[in-house]
Amino acid sequence: MGFTIYANNGSRDFDGGMGGFASLRTNIALAFDKEFGEHYSTLRACWRDEDYKAFNAKTEKILSHDRFKQEDEDIVEFLFACDCGGEISHKTCKKIYDLIKDIDFGKKIFTYGAYSDGKDYEYFKEFLLECYKHRRKMRWR
């Protein structure tokens, strides 16, 4: 099972495995806030109810700090949205673009490796900006 990120009438789609989608969101979480991102990266290690309870408690503790603003809620919602389907507004696309626009991800990829030229994040940045400029929602399934 994999994912597809797209926008209606968009110029590009992204296809990959669920591990790639988790990697993309982890990198966005790290750009959002280092402490939160490091904690977010442990989400994949949760298997039992107790793990999730501890993870959620720590998440709430971190996000209660004054450095997080109400405007950040949509980014957090994106990070915790269902893997199987969701969407974010063009305004949230711009916020994510602003978070990652100056980051050099090198040759990191989040799509299927056999089809990637190693520029996944550069294309993703362009895609986010296109969604914002044309008022398109970014969707995934």
Side-chain angles (χ1 to χ4, degrees), residues 1-8 10-141:
M1 182 171 192
F3 72 90
T4 299
I5 295 174
Y6 66 99
N8 292 344
S11 63
R12 185 180 300 276
D13 293 345
F14 301 90
D15 296 309
M18 295 316 292
F21 193 51
S23 176
L24 170 67
R25 294 205 283 192
T26 298
N27 284 320
I28 291 169
L30 287 164
F32 176 58
D33 182 81
K34 185 177 181 197
E35 180 188 15
F36 175 79
E38 289 172 356
H39 167 64
Y40 182 85
S41 70
T42 67
L43 177 59
R44 294 175 69 184
C46 293
W47 294 100
R48 302 170 302 176
D49 284 342
E50 300 84 39
D51 298 335
Y52 285 106
K53 286 178 185 174
F55 179 87
N56 290 338
K58 187 168 181 183
T59 299
E60 289 177 20
K61 182 179 178 189
I62 292 170
L63 292 176
S64 70
H65 291 134
D66 290 340
R67 69 182 182 269
F68 297 103
K69 302 173 184 69
Q70 181 131 11
E71 307 90 64
D72 298 332
E73 287 180 8
D74 48 357
I75 293 170
V76 174
E77 285 177 19
F78 164 70
L79 295 172
F80 289 109
C82 179
D83 292 345
C84 300
E87 64 183 33
I88 57 174
S89 73
H90 69 283
K91 291 178 183 179
T92 304
C93 288
K94 178 70 162 71
K95 288 181 183 182
I96 294 171
Y97 171 79
D98 289 340
L99 284 175
I100 67 172
K101 68 182 177 187
D102 296 326
I103 297 174
D104 180 5
F105 291 97
K107 297 242 180 222
K108 284 185 183 177
I109 64 171
F110 61 89
T111 61
Y112 291 123
Y115 303 107
S116 177
D117 63 1
K119 297 180 182 178
D120 290 7
Y121 283 92
E122 294 309 310
Y123 298 141
F124 187 65
K125 292 174 192 180
E126 293 169 7
F127 173 80
L128 290 169
L129 202 52
E130 178 184 319
C131 287
Y132 175 71
K133 287 180 179 179
H134 297 285
R135 298 178 163 255
R136 295 181 181 134
K137 292 180 180 180
M138 180 182 101
R139 295 183 160 98
W140 62 95
R141 59 175 184 250

Rounded to the nearest 0.5 Å, what separation is found between the NZ atom of Lys95 and the CD1 atom of Ile88?
10.5 Å
To the nearest 0.5 Å, atom CZ of Phe14 lies from atom OH of Tyr121 at 11.0 Å
Could you tell me whether Arg12 atom CZ has more than 12 heavy atoms of other residues or ligands within 6.0 Å of it?
yes
Do Arg141 and Tyr6 meet the cation-pi criteria used here (NZ or CZ under 6.0 Å from the six-membered ring centre, within 45° of the axis)?
yes
Minimal heavy-atom distance between Glu130 and Ser11, with the atoms involved, is OE1-OG, 2.5 Å
Run the side-chain contact (heavy atoms from CB on, under 4.5 Å) check on Thr59 and His39 step by step: do they pass?
CA-CA 8 Å; Thr59 299; His39 167 64; 2.7 Å; yes
Separation between CE of Met138 and CD1 of Ile5, rounded to the nearest 0.5 Å:
5.0 Å
Taking atom CZ of Arg136 and atom CZ of Phe127, what is their separation to the nearest 0.5 Å?
9.0 Å
Closest non-hydrogen atom pair between Tyr132 and Lys94, with its separation
CD1-CB, 3.3 Å
Asp51 bridged to Arg48 by N-O distance under 4.0 Å
yes
Can you find a pair of side-chain heavy atoms, one from Phe21 and one from Trp140, that are under 4.5 Å apart?
yes
Side-chain heavy atoms of Cys46 within contact of Thr42, under 4.5 Å
no
Would you call Arg67 and Asp33 a salt bridge, using N to O less than 4.0 angstrom?
yes
4.5 Å side-chain heavy-atom contact, Ile28 and Leu79:
yes
If I take atom SG from residue Cys93 and atom NE2 from residue His134, how far apart are they, to the nearest 0.5 angstrom?
12.0 Å
Name the residue from Phe105, Phe124, Tyr123 that meets the ring-ring contact (aromatic ring centres under 6.0 Å, His included) definition with Phe110.
Phe124
Atom pair CG/NZ of Asp117 and Lys107 - distance to nearest 0.5 Å
7.5 Å
Non-hydrogen side-chain atoms of Lys91 and Asp74 separated by less than 4.5 Å
no
Provide the closest heavy-atom pair for Phe3 versus Gly20 in the form atom of the first, atom of the second, distance.
CE2-C, 4.2 Å
Tyr115 and Tyr112 aromatic ring geometry - parallel, tilted or perpendicular at 30°/60° bounds:
perpendicular
Stepwise, does the side chain to side chain donor-acceptor pair (under 3.5 Å) test hold for Ser89 with Thr92?
CA-CA 5 Å; Ser89 73; Thr92 304; 3.2 Å; yes
Donor-acceptor check, side chain of Thr26 to backbone of Ala22, threshold 3.5 angstrom: yes or no?
yes
Take Asp72 and Lys69, measure what salt bridge (Lys or Arg N to Asp or Glu O under 4.0 Å) needs, and give me the verdict at the end.
CA-CA 5 Å; Asp72 298 332; Lys69 302 173 184 69; 5.4 Å; no
Is there a side-chain contact between Ile103 and Leu30 in this structure, where contact means two heavy atoms from C-beta onward sitting under 4.5 Å apart?
no
Pairing of Lys125 and Glu122 as salt bridge, 4.0 angstrom limit:
yes
Pair Lys101, Leu128 - check side-chain contact (heavy atoms from CB on, under 4.5 Å), show working.
CA-CA 10 Å; Lys101 68 182 177 187; Leu128 290 169; over 6 Å; no
Give the intermediate values and the outcome of side-chain contact (heavy atoms from CB on, under 4.5 Å) for residues Asp15 and Thr111.
CA-CA 5 Å; Asp15 296 309; Thr111 61; 5.9 Å; no
Testing Phe68, Tyr40, Phe78 one by one against Phe32 for a ring-ring contact (aromatic ring centres under 6.0 Å, His included), which residue passes?
Phe68
